[in-house]
Amino acid sequence: MKSIKILLMSLVASILVGCGTTSTVPITGRKQTLLVSDGDVLSLSNQQYQQYMQGAKASSNTANTAMVKRVGQNLANAVVSYLNSNGLSAEVQNYAWEFNLVQDNQVNAWCMPGGKIVVYEGLLPVTQDEASLAIVLGHEIAHAVAKHSAERLSNEYKNQYGTAILGAVVQGSGMSEGTQQLIALGQSLGGALWTSGFSRKQESEADHMGLIFAAMAGYNPQVATSFWQRMAAQSSGSGGLFSDHPSDEQRIKDIQGWMPEALKYYKPKAVTINISSKTSKTNKKSTTKK
């Protein structure tokens with residue numbers, strides 16, 4: 001009976017993997033296997049996004065809010081143009097872009113699948129100008145374009161079935177309880193390492209793609225180095241073995257390595273406007289060179 005159970009679980013796992021679709025990530029060309037559909041991911045993410053926005057407080061700073069929407073839309077236009085020009089027009093229908101600035105002091109921003117993007121006010125003193133904001137928004141948009149959420153969800157499906165199969169094998173092997181516990185601990189640690197490594201790979205890929213998207217939208221990608229240096233000064237961690245982000249040093253080194261590629265796409269056309277630190281509705285804006 002135990003052998004039949006293991007066989008059936010293995011068969012289900014193989015069917016799941018076999019039913020996955022293989023796609024290519026734009027810009028990087030990395031192959032990925034997805035076990036979930038775009039429709040399923042978009043439906044789930046839209047629900048989560050709507051729930052978040054119902055409880056969020058929109059920024060009262062009209063100048064900064066307009067800037068976030070403007071920079072975001074410039075990037076979205078560049079991404080849509082790239083997809084249409086590279087045989088990926090079918091992907092465009094997956095995006096209904098929204099760009100929001102909310103009252104939150106965290107130095108953060110995020111993007112849901114489908115192009116729902118939220119920027120926290122706490123990020124703006126670190127970005128300081130539109131070009132640096134474009135680096136952040138490009139990174140977040142890249143997560144959506146690369147379907148990282150669907151990939152992570154697919155990974156969880158595979159991991160759950162792998163855990164169940166190994167558990168059945170161990171329990172049916174006659175091993176002592178202590179040995180089983182050691183194997184379970186090793187499996188847990190191995191899963192954590194694999195998952196964090198997977199996330200670091202996605203974060204690095206989003207850095208790469210985001211740099212290119214910012215350049216495509218007319219923002220100088222060279223500001224990325226100084227921006228991430230400022231971000232590093234805000235960070236207390238260095239991207240250890242279990243970190244889901246690259247270390248600050250590695251991230252900056254990688255960005256500098258991608259810079260020649262990004263500059264090939266860069267055609268200055270976006271005006272950089274310094275970010276207002278005030279919260280009133282009548283903030284003055286200062287324009288710098290393109």
Side-chain angles (χ1 to χ4, degrees), residues 22-32 67-92 94-95 97 99 109 111 113 115 117 119 123 126-148 151 200-232 245-275 287-290:
T22 300
S23 61
T24 302
V25 178
I27 304 294
T28 68
R30 182 175 64 86
K31 301 294 183 182
Q32 59 183 180
M67 177 190 60
V68 168
K69 293 181 181 297
R70 178 173 59 254
V71 174
Q73 194 58 58
N74 286 340
L75 283 158
N77 292 342
V79 168
V80 169
S81 177
Y82 171 82
L83 294 175
N84 285 331
S85 300
N86 287 272
L88 297 170
S89 299
E91 297 294 325
V92 175
N94 292 327
Y95 303 104
W97 305 98
F99 302 92
C111 177
I117 295 176
V119 176
L123 177 69
V126 185
T127 54
Q128 297 183 1
D129 55 47
E130 286 198 11
S132 296
L133 177 61
I135 297 298
V136 177
L137 294 184
H139 173 100
E140 299 304 333
I141 288 172
H143 279 306
V145 174
K147 301 185 178 182
H148 284 163
E151 195 171 17
R200 284 196 298 271
K201 179 170 65 176
Q202 289 187 334
E203 287 297 324
S204 181
E205 186 168 61
D207 282 346
H208 184 180
M209 296 172 65
L211 193 69
I212 303 299
F213 289 155
M216 287 178 178
Y219 296 97
N220 186 355
Q222 295 177 100
V223 305
T225 299
S226 57
F227 164 70
W228 284 114
Q229 287 171 341
R230 293 194 297 274
M231 281 293 288
H245 285 66
S247 68
D248 297 323
E249 295 81 3
Q250 186 62 49
R251 172 170 253 159
I252 292 171
K253 180 180 178 181
D254 288 341
I255 285 173
Q256 291 172 338
W258 297 318
M259 195 59 65
E261 178 188 2
L263 289 172
K264 293 179 181 178
Y265 293 94
Y266 177 47
K267 294 181 179 179
K269 60 181 178 182
V271 176
T272 297
I273 301 177
N274 291 338
I275 294 169
T287 302
T288 64
K289 63 180 181 180
K290 294 182 180 180

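Not measured: the values here are computed from a predicted model.
Taking CD1 of I117 as the start and CZ of F99 as the end, the distance is 4.5 Å to the nearest 0.5 Å.
In this structure, the side chain to side chain contact (heavy atoms under 4.5 Å, CB included) partners of V25, at least two apart in sequence or on a different chain, are T28, R30, Q32, A146, E205, M209. Every residue two or more places apart in sequence or in another chain that forms a side chain to side chain donor-acceptor pair (under 3.5 Å) with N220 is listed here: Q222. For N77, the side chain to side chain contact (heavy atoms under 4.5 Å, CB included) partners are Q73, not counting sequence neighbours.
In this pair, Y95 and W97 present their aromatic rings parallel. The plane angle is below 30°, not in the 30 to 60° band.
Looking at heavy atoms from C-beta onward, I27 lies in side-chain contact with Y82 at the 4.5 angstrom threshold. When side chains are defined from C-beta on, L133 does not count as touching F227, because their heavy atoms never get closer than 4.5 Å. Between P26 and L88, some side-chain heavy-atom pair lies under the 4.5 Å cut-off.
Judged as a salt bridge (Lys or Arg N to Asp or Glu O under 4.0 Å), the pairs with a partner in residues 71-91 (not counting sequence neighbours) are, in order, E91-K147. Identified under the salt bridge (Lys or Arg N to Asp or Glu O under 4.0 Å) test for residues 132-141, with sequence neighbours left out: none.
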Do any side-chain atoms of residues 253-263 form donor-acceptor pairs under 3.5 angstrom with protein atoms, and if so which ones, sequence neighbours left out?
from : atom 1 : to   : atom 2 : distance (Å)
D254 : OD1    : Q250 : NE2    : 2.8
D254 : OD2    : Q250 : NE2    : 3.4
E261 : OE1    : H208 : NE2    : 2.8

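Residues G138 and F213 share a closest heavy-atom pair of O-CD1, 4.0 Å. Across every non-hydrogen atom of A134 and L75, the tightest pair is O-CD1, 3.7 Å. Closest of all the heavy-atom pairs between I141 and A76 is CD1-N, 4.4 Å. Y266 approaches P221 most closely through the heavy-atom pair CG-CD, 3.8 Å.
Side-chain contact, S81 with N84: no donor N or O sits under 3.5 Å from an acceptor N or O. When only modelled atom types and interatomic distance are considered, H148 and E203 share no side-chain donor-acceptor pair under 3.5 Å. Using modelled atom types, one finds no donor on one side chain facing an acceptor on the other under 3.5 Å when comparing R230 with T127.
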